[in-house]
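Each remark here refers to the structure printed beneath this line.
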Amino acid sequence: MTQPRRTRTLKERLKTRIRRARGDVFVPRDFADLGEYDSVKRALRQLIIEGEIARLGYGVYARVKTNGLTGRPMLAVRGGFDGAVRQTLSKLKVNWRESDTVQQYNNGRTTQVQANPVFEVQSRFNRKLRYRNLEARFEKPYA
């Protein structure tokens with residue numbers, strides 16, 4: 001006699017999708033085919049509590065991993081918080097570019113490094129993205 005097959009919960013299906021995903025940043029619409037919006041948001045909140053993902057801002061989540069030195073969770077995104085912000089802006093289809101200060105640093109014209117990432121956004125973008133004590137700033141271009 002065969003055992004009846006257990007159906008996987010939405011949270012388990014989200015974990016599987018996150019584990020197999022190419023990107024490290026997620027928005028709820030990435031999981032729209034798995035369930036209703038409210039159910040997906042509830043399952044994502046449970047994954048935050050369990051330490052599987054981190055919330056960066058309204059409707060933006062990122063993959064986390066355990067730091068080998070401290071044992072605390074940290075972003076598993078290549079490039080850290082800066083990389084997570086870049087992926088978020090690209091995923092949300094926001095036209096952006098690096099700020100002038102970052103461009104000057106990359107070109108070797110300054111040694112000043114910004115603690116919090118600053119991006120110039122071409123379109124209207126009014127979200128706050130933060131992780132622990134880091135917060136991204138978004139500016140309108142000058143010209």
E50 vs K15 side-chain heavy atoms within contact, under 4.5 Å:
yes
Residues Y58 and R55: closest non-hydrogen pair is CA-NH2, 3.4 Å
Taking the six-membered ring of F125 as reference, does the cationic atom of K93 (NZ for Lys, CZ for Arg) lie under 6.0 Å from its centre and within 45° of its axis?
no
For the backbone of R109 and the side chain of N107, can you confirm whether one donor and one acceptor N or O come within less than 3.5 Å of each other?
no
Has Q87 got a side-chain atom pairing as donor or acceptor with V25's backbone, closer than 3.5 angstrom?
yes
Residues A84 and V77: closest non-hydrogen pair is N-CG1, 3.5 Å
Side chain of R17, backbone of D30: donor and acceptor closer than 3.5 Å?
yes
Could you tell me whether the side chain of V85 reaches within less than 4.5 Å of the side chain of F138, counting heavy atoms only?
yes
Assess the pair Y61 and F26: is the distance between their ring centroids shorter than 6.0 Å?
no
Is it true that a side-chain atom of K128 and a backbone atom of A136 form a donor plus acceptor pair closer than 3.5 Å?
no
Side-chain contact test, heavy atoms from C-beta onward, threshold under 4.5 Å: evaluate it for Q104 versus S99 and give yes or no.
no
Say whether, by atom type as modelled, one donor and one acceptor occur between the side chain of R97 and the main chain of V121 under 3.5 angstrom.
no
Is there side-chain contact between K11 and L47, with heavy atoms separated by less than 4.5 Å?
yes
One should read off an interatomic distance between Q46 CD and K41 NZ, to the nearest 0.5 angstrom, of 13.5 Å
Side-chain heavy-atom pair K65, M74 within 4.5 angstrom cut-off:
yes
Using a strict threshold of under 4.0 Å (side-chain N to carboxylate O), is an ion pair present between E139 and R137?
yes
Are V94 and V118 co-members of a hydrophobic cluster defined by side-chain heavy atoms under 4.5 Å apart?
no
With the threshold set at 4.0 Å, does a side-chain nitrogen-carboxylate oxygen contact exist between R86 and D82?
yes
Minimal non-hydrogen separation, V40 against L14, with atom names:
O-CD1, 4.1 Å
Closest approach of T88 to L129 (non-hydrogen atoms, all atoms of both residues):
CG2-CD1, 3.8 Å
Hydrophobic cluster membership, with links at side-chain heavy-atom distances under 4.5 Å among I/L/V/M/F/W/Y: are Y131 and L44 in one?
no
No-hydrogen, no-angle side-chain donor-acceptor test under 3.5 Å, R8 and T16:
yes
Which atoms form the tightest heavy-atom contact between P28 and G59, and what is the distance?
CD-O, 3.2 Å
Run the salt-bridge test on E52 and R63 with the 4.0 Å N-O cut-off and return the result as yes or no.
no
